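Structure, as structure tokens:
Quick note on labels: first sequence line is chain A, next is B, and so on, each numbered from 1. The structure presented is a predicted model; accordingly, all values stated were derived computationally and were not measured.
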Amino acid sequence: MSIYLDKNSKVIVQGITGGEGSYHTARMLSYGTNVVGGVTPGKGGQKSEHGLPVFDTVKQAVEATGATHTCIFVPPPFAADALFEAHDAGITLAVCITEGLPVHDVLRVVGATPGMQIIGPNCPGLISPGKATIGIMPGHIFKEGNIGVISRSGTLTYEVVDLLTRSGFGQSTCVGIGGDPIIGTVFVDCLRAFANDAQTEAIVLCGEIGGSDEEDAAAFIKEHLAGKPVIAFIGGRNAPPGKSLGHAGAIISGNFGTAQSKIAAFQAAGVPVADRPSEVPRLLAQRLGVTV
Amino acid sequence: MSIYLDKNSKVIVQGITGGEGSYHTARMLSYGTNVVGGVTPGKGGQKSEHGLPVFDTVKQAVEATGATHTCIFVPPPFAADALFEAHDAGITLAVCITEGLPVHDVLRVVGATPGMQIIGPNCPGLISPGKATIGIMPGHIFKEGNIGVISRSGTLTYEVVDLLTRSGFGQSTCVGIGGDPIIGTVFVDCLRAFANDAQTEAIVLCGEIGGSDEEDAAAFIKEHLAGKPVIAFIGGRNAPPGKSLGHAGAIISGNFGTAQSKIAAFQAAGVPVADRPSEVPRLLAQRLGVTV
Amino acid sequence: MNLMEFQGKELFARVGIPVPRSQHCHTPDEAASFVAKNPGKWVVKAQVLMGGRGKAGKIKFATTADEARAVTAEIMATPMPPNRQNPNGEPIHSVLVEECLEIDKEAYCAITIDRTSKKPVVMVSRFGGMDIEEVSEKHPESIAKKAIDTAAGFWPFAGRELAFASELDAGFRKQLPAIVGGIYDLFFRYGAKLVEINPLALTKDGRVIASDAKVELDDDGLYKNKEFAEWQKALPLDEDESLATASGLGIRNFRRFPGTVGTMANGAGLAMATMDAVKNANGEIANFLDVGGGANAERVRKCYELVVNHTNAKVFFVNIFGGITRGDEVAKGIVEALNTTTSRKIPLVIRLTGTNEEEGRRILTQAGMTTVATMDEGAARAVELAKA
Amino acid sequence: MNLMEFQGKELFARVGIPVPRSQHCHTPDEAASFVAKNPGKWVVKAQVLMGGRGKAGKIKFATTADEARAVTAEIMATPMPPNRQNPNGEPIHSVLVEECLEIDKEAYCAITIDRTSKKPVVMVSRFGGMDIEEVSEKHPESIAKKAIDTAAGFWPFAGRELAFASELDAGFRKQLPAIVGGIYDLFFRYGAKLVEINPLALTKDGRVIASDAKVELDDDGLYKNKEFAEWQKALPLDEDESLATASGLGIRNFRRFPGTVGTMANGAGLAMATMDAVKNANGEIANFLDVGGGANAERVRKCYELVVNHTNAKVFFVNIFGGITRGDEVAKGIVEALNTTTSRKIPLVIRLTGTNEEEGRRILTQAGMTTVATMDEGAARAVELAKA
């Protein structure tokens with residue numbers, strides 16, 4: 001198994017005829033993803049350059065292909081609309097690659113799309129190595145295996161996955177959840193999914209300063225995830241204090257999202273925290289009782 | 001059993017210190033309803049004239065009393081706010097007596113209060129005879145028994161219930177769903193609840209011209225309610241054509257809401273349709289194989 | 001409340017729906033002076049609530065000031081002729097002088113409330129300019145419908161779906177999401193039960209414009225927009241509506257029919273059932289009347305007078321289900337009402353049920369009124385008296 | 001984008017939040033002329049983004065035109081002094097001349113975004129006029145919070161709950177739902193990440209008025225309101241932000257520190273990890289720099305020049321995880337960038353991973369640059385070079 005995505009998941013691409021959409025559709029197909037079509041209003045009835053059917057609306061695409069997953073490559077002013085369209089058409093998992101969505105659009109979307117798992121926005125997507133990928137991750141650095149990976153950062157994920165793969169740790173599913181203030185899928189959502197995934201034996205979580213997702217994740221692990229070891233890494237211990245949410249935001253979340261607070265939370269939950277990415281494989285080997 | 005309401009349901013009254021609210025709270029209490037408090041902003045900490053605690057907010061009332069049901073007696077401009085407040089505080093069933101709510105307020109409420117069953121607005125409420133009542137129904141005409149009653153009209157319900165009681169047919173629960181264009185609970189909702197209610201052996205449904213709730217009910221009965229006999233009555237066969245929704249509305253609902261269409265739908269579902277209220281007990285007796 | 005075209009178009013403009021350039025004029029001179037200052041091709045349209053203006057000759061063209069004056073005078077000279085929808089016709093108090101569009105294609109676009117899904121629903125058809133009922137009969141497949149999720153609000157995809165599903169001409173496609181967004185906005189902002197653009201015009205120069213406007217506002221929501229009180233005062237009521245409001249009843253609580261059995265009941269459902277009961281007893285109904293809650297003496301007197309003076313009733317069948325109100329109180333109200341009215345007397349048949357019903361019936365019988373125990377019995381008795 | 005008080009209050013007025021009467025003035029004469037025409041007691045407030053205006057003597061009172069001229073001149077004579085929040089201080093280009101309120105009670109009211117519940121959250125405290133962080137430390141129980149369901153929208157009960165839960169003075173109670181409704185409306189209509197009213201004043205004559213206004217808008221949503229482009233141009237950026245935008249980077253993609261190891265990486269997460277790696281190797285960071293996606297020659301050259309010319313960097317550590325981009329392409333970009341720059345040269349340490357990484361490293365080595373295989377190794381090497 002794996003979470004959120006496997007070989008059979010039927011995927012459409014919203015914005016398939018655009019530059020980015022077309023390029024990454026080709027990459028997804030070559031990785032083995034079951035991309036069944038795409039959507040570009042006004043180009044319905046045509047074929048994409050990959051030979052896939054193009055539809056005017058997501059509804060038509062879903063009716064014709066039975067797609068359940070979508071990958072969204074549309075410019076920021078149209079991304080919320082694309083997400084609502086996907087939800088309305090019955091899509092159950094949407095990956096939104098688009099960067100720069102107004103946060104109020106995202107608030108509206110996450111508040112009114114029950115039943116649809118949104119990954120992102122502003123994220124690299126997800127991959128179940130050896131099966132399928134949705135998004136823009138570089139497939140060649142991944143390897144099928146039993147480690148679940150979740151990360152707020154794109155390139156940092158690649159860094160960590162690269163180290164895991166080179167150390168012999170393959171991955172069940174890797175989810176790049178994105179680093180925006182409001183995202184559809186948070187650490188806890190992924191942890192819950194990994195908890196129920198037989199293929200996943202251990203989890204690597206790459207957090208960052210800011211917000212309280214890591215603290216929430218630590219609380220969840222303590223409560224619900226005794227069976228599967230988790231290793232964490234927190235980026236940005238020496239980064240400038242985040243300016244984006246201001247003081248009122250910090251008071252809302254009950255803390256100031258410092259690296260210290262996050263590390264302390266993980267340690268209290270029995271989760272080893274790597275000092276640096278290169279320490280992750282070693283800590284993982286320790287917890288799994290294997291040698292790298 | 002009964003549906004929606006029994007002796008133990010904890011009920012609060014929003015607008016308990018107003019004229020209507022206070023009067024009907026007294027009536028509900030004397031019928032045996034477990035009214036545990038009320039809400040009037042600014043009067044928190046006082047006692048109502050019935051000796052019940054008054055709270056400033058529904059949230060406080062729910063926290064202090066564990067109430068799950070509410071009865072709303074506030075003027076139309078404040079009724080939608082009261083319903084959202086109830087939902088936000090975790091109330092699971094709200095009876096809205098208020099008449100004259102802007103239909104757009106109701107659209108907003110029903111579209112964003114998942115998990116809360118709304119009865120009304122502009123309805124007389126509901127009663128589980130011998131147990132409890134929420135609303136403004138005249139308790140003395142009801143009698144405990146095994147007939148479920150659902151009706152869009154207030155006084156017509158009383159007419160029918162009076163006839164049932166005089167004929168010896170007691171009721172499990174009677175729900176006055178209200179006749180407004182948009183209501184929280186429709187026939188099908190009640191039929192589904194009655195289908196699962198052991199106490200209810202047969203159902204009387206009092207419809208009206210306009211809309212397609214009766215047609216939907218007939219379709220539901222045909223599909224899901226083989227076990228329990230249903231008798232219908234349609235009011236307004238000779239009434240002036242409804243002006244309220246206009247032609248576009250009729251086209252939306254796929255029919256023009258005529259008495260003919262509704263009667264035909266019920267007959268196709270094997271539901272006897274009474275020509276007049278006084279025929280209801282006789283038809284019921286026939287279906288149940290008893291003599292009145 | 002139904003709005004006239006010029007009012008609907010004013011709301012359209014506020015939410016960004018394109019409308020033709022126009023001037024609302026109350027006299028032929030006003031129309032002439034506008035056209036004199038604004039040369040071009042104009043269409044002059046009577047401002048009334050009734051449909052069928054074109055067939056009635058109440059839409060005419062003008063290119064000069066003199067023509068504008070003449071056609072306006074002609075249009076306003078006679079009222080709209082009666083039709084099935086309004087058997088009294090309708091006086092014409094003003095016209096809309098409007099840019100004459102060079103129309104290439106016509107479509108239909110409307111929003112209304114769907115009771116079943118409990119959502120606003122938008123309808124689009126590529127057949128514009130004809131009655132939507134006719135379209136629905138002849139080309140039902142051409143009508144695309146889309147329910148809008150009120151929690152999410154309107155997003156453009158709904159407009160795109162409608163444009164593609166209804167196979168609208170491509171010229172409409174880009175603008176349709178904005179048009180639909182506009183009517184959705186109007187729907188909630190002003191509390192409309194129906195917003196209809198028919199036709200939605202695609203002009204030869206590629207503009208998409210609302211050529212007509214039909215807006216029905218929710219009476220219960222009118223208080224939210226103060227300006228509507230003014231509009232409401234200026235709008236014509238039909239005679240039944242005027243009588244209802246003059247008697248202190250809700251606008252929809254009274255309606256007349258040609259028969260001779262006057263009726264009154266409390267609650268719309270019971271009032272309809274009362275009419276059905278009269279029909280079942282082979283009588284002809286004079287009216288529908290829902291007296292509402294609280295049948296006190298003053299209210300009963302006004303309703304009695306309304307029925308006696310304004311219908312063909314030969315008998316008045318009062319059907320009250322007491323409910324919470326005590327039967328003896330209601331009976332006292334009826335007796336008092338009948339004693340204080342100065343209108344002519346017709347026979348009353350009274351069915352009164354509820355708490356203390358026996359006491360109530362005793363009071364009525366003492367006052368010389370006919371009381372009955374059931375609705376069916378009352379209907380039979382009333383029909384008998386009407387035929388006597 | 002942070003707004004100045006007068007801008008925030010303009011938005012307040014548009015959504016119906018009561019604000020004091022005021023005039024935005026750019027010169028002492030303007031202030032004097034306003035007060036001359038409008039006798040009364042006025043307060044003159046420097047319009048800056050920094051906090052601490054009162055302590056800095058940048059808020060003064062005036063009752064005559066001469067006083068207004070004098071205090072405005074005095075306020076504008078010197079910039080806001082530096083503080084921890086802004087070590088450069090801030091020039092003062094204008095003042096707000098505002099009705100001097102007779103304040104009875106002060107409260108706090110704000111809306112912001114809660115990452116965890118993914119909802120806007122409103123906070124109210126009966127302690128107004130002081131920093132909310134201080135309130136949060138000293139009286140945490142006094143802060144009432146309420147998440148607003150975006151599907152339902154704002155309804156007044158949320159304001160009532162906050163008023164009762166925060167035990168606001170009863171004088172605030174009636175108006176609070178409308179104030180909270182106003183900031184919720186502003187929040188969505190203008191795309192604010194924070195709206196703060198501190199203090200929200202209850203005046204001696206019973207009015208509830210926003211005495212100050214702090215508004216932070218979401219940069220990603222600015223395009224929706226055309227007027228904000230003008231406002232943005234007029235607002236001061238701090239030096240790092242100006243440098244970032246001048247180099248074509250996002251406003252938050254560059255920040256300076258006092259150390260000597262310059263850094264550049266692609267992606268914020270990797271850029272932060274790169275800084276951490278330098279720290280782990282006992283080096284001191286000169287800057288944070290996220291070059292974003294697509295590290296082409298032009299982009300790399302600009303970043304190199306930014307770090308060389310504007311930080312204390314003695315070495316430049318470039319950490320690129322190729323991902324989809326091919327390593328050889330990135331390498332070529334770096335070489336070309338370094339060949340075309342006219343800025344002084346400092347040693348480069350380059351860590352390059354991804355597709356065709358070996359080929360990329362070969363290109364770099366040939367061009368005489370130091371390449372390393374891992375981030376840790378690169379950090380160690382860079383620190384070594386910086387200390388050399």
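- In the displayed structure, D:Glu99 atom CD is contacted under 6.0 Å by more than 12 heavy atoms of other residues, nucleotides or ligands.
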Chi angles and distances behind the side-chain contact (heavy atoms from CB on, under 4.5 Å) call for B:Val109, D:Trp155: CA-CA 11 Å; B:Val109 171; D:Trp155 292 85; 5.6 Å; no
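- A heavy-atom distance below 4.5 Å is found between the side chains of D:Phe164 and B:Pro41.
- Enclosure of atom NZ in D:Lys224 by more than 12 non-hydrogen atoms of other residues, nucleotides or ligands within 6.0 angstrom is indicated.
- The CZ atom of D:Phe154 sits 8.0 Å away from the CG atom of B:Asp81 when rounded to the nearest 0.5 Å.
- Taken to the nearest 0.5 Å, the CG atom of B:Asp88 stands 5.5 Å off from the CD atom of D:Glu161.
- Contact count against chain B (heavy-atom pairs under 4.5 Å) is highest for D:Pro156 among D:Pro156, D:Ala152, D:Ala151, D:Gly153.
- Within 6.0 Å of the CD atom in D:Glu137, the count of heavy atoms belonging to other residues, nucleotides or ligands does not exceed 12.
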B:Val58 and D:Phe157: CA distance, side-chain angles, deciding distance, side-chain contact (heavy atoms from CB on, under 4.5 Å) verdict: CA-CA 9 Å; B:Val58 178; D:Phe157 77 87; over 6 Å; no
